Q: 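Following this message is one structure expressed as structure tokens.
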Amino acid sequence: MRHCLALLSGGLDSILAIRLMQQQGIGVEAVNFKTVFTCCQDQSAQAARDLNVPLTVIGQDADYLDLIKTPKFGYGRGANPCVDCRIYMFEKAKHYMEQVGADFIISGEVVGQRPMSQKRRDLERISYHSELEDLLLRPLSAKLLPPTLPERKKWVDRSQLYDFHGRSRKGLIELAKRFGMEDIPSPSTGCALTETRFSKKVFDLNLRQPTSGLWDYGLLTIGRHFRLNAEVKAIVGRHESENLQLEYLHQLPDATSSALLRPREFSGPAVLLIGPMEKETLAFAGGLIMRYGSAQDLSSEATIEVLGREGTLFLAPTACRSAQSAVPITEC
Ligand code: SF4
């Protein structure tokens with residue numbers, strides 16, 4: 001019995017690709033690729049349960065950021081370097097395939113479905129640069145692509161594969177119904193890099209702090225981000241769970257934050273400060289607490305704990321006008 005490794009996002013396409021292999025009696029093991037920018041691991045775990053396949057989650061390493069900063073094949077609509085990212089994913093999957101002794105890899109990619117990474121030329125690039133070449137089979141569009149090794153060796157019956165192309169989901173949904181699927185997952189990349197507003201934070205970091213590591217990029221998914229100058233940024237928690245996340249991140253060994261500020265004796269957000277802790281920057285961060293906290297109505301100074309310095313900041317509501325007018329990076 002032949003075995004393949006499937007990239008499983010939990011979306012309809014990857015589910016159907018696996019069903020097509022199972023229909024031919026091929027054993028399937030799945031991997032889900034997780035980055036600091038993706039969500040939807042629950043969706044892939046649920047899909048793996050429904051499909052009755054083992055699932056392994058593979059994360060990115062620090063070198064993933066090279067393609068976020070300088071992608072060889074460029075960005076999509078946002079800060080999404082999809083072709084480079086897919087090559088990276090498949091390189092990781094290839095390594096895992098060799099570890100577990102699978103015979104080939106499948107994915108749910110459909111020719112022409114996504115403008116950034118699924119044009120025929122992109123699919124060829126991904127196969128080539130990941131060094132999978134013809135060990136990478138796309139069952140949903142296989143009939144539009146040259147026969148891969150599993151097809152030529154007759155491990156997979158090509159006649160039972162498909163020639164889907166383009167953005168329409170109609171044929172895919174019909175196929176899902178033939179497989180008896182009732183809940184059809186709606187299309188979503190689950191990747192923040194494709195969002196225009198989020199991308200502004202990524203490009204800001206790429207430009208202003210080009211040596212940033214995974215900690216800094218992961219932080220982009222939390223809170224409102226304000227930039228005071230090239231060196232200084234303040235991140236404001238939008239609700240208590242983000243406040244707690246900021247506190248947690250501040251304590252991690254690879255944290256680049258210089259201080260965490262929290263209001264004392266009034267309610268308000270946590271603010272994480274990136275950059276030198278100086279009078280002006282502390283006043284800026286403290287001013288953001290005043291702006292989003294209940295101390296706005298106070299006429300006297302407010303007390304703010306500076307956890308990174310184990311100190312206290314006394315700040316009048318009018319002390320930091322730049323914080324009152326600051327615009328989040330996502331709205332710049
Ligand atoms: S949408 Fe995000 S995770 Fe998916 S290929 Fe593009 S960059 Fe990678």
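Remember, it's 1-based here, ligands and their atoms both numbered in the order they're listed. Quantities reported herein were computed from a predicted structural model and do not represent experimental measurements.
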Q: If you measure only the distance, is there a donor-acceptor pair under 3.5 Å linking the side chains of E151 and T148?
A: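 Side-chain D/A pair, E151 to T148: present.
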
Q: CZ of F179: more than 12 outside heavy atoms within 6.0 angstrom?
A: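 Above 12, so yes.
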
Q: Would you mind listing which atoms of ligand 1 come within a distance below 4.0 Å of any non-hydrogen atom of R86?
A: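 Listed by number with element, the hits are 5 (S).
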
Q: Answer yes or no for T35: is there a heavy-atom contact with ligand 1 below 4.0 Å?
A: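 Checking ligand 1 against T35, which is what was asked, there is no heavy-atom contact under 4.0 Å.
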
Q: Would C85 count as a contact for atom 6 (Fe) of ligand 1, in the sense that one of its N, O or S atoms lies under 2.8 Å from it?
A: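 Under 2.8 Å: C85 has no N, O or S contact with atom 6 (Fe) of ligand 1.
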
Q: Which of the numbered atoms in ligand 1 are under 4.0 angstrom from any heavy atom belonging to T194?
A: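 What qualifies from ligand 1 is 1 (S).
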
Q: Is the distance from atom 8 (Fe) of ligand 1 to some N, O or S atom of C191 under 2.8 Å?
A: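 False for C191.
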
Q: For the residue pair D50 / Q46, report whether a side-chain donor-acceptor contact shorter than 3.5 Å exists.
A: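 Side chains of Q46 and D50: pair found under 3.5 Å.
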
Q: Under a 3.5 Å cutoff, is there a donor and acceptor pairing between the side chains of Q22 and N52?
A: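 N52 and Q22 do not have a side-chain donor-acceptor pair below 3.5 Å.
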
Q: So if I apply the side chain to side chain donor-acceptor pair (under 3.5 Å) rule between Y88 and each of D66, T35, D63, which one comes out positive?
A: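 Checked D66, T35, D63 against Y88; only one passes side chain to side chain donor-acceptor pair (under 3.5 Å): D63.
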
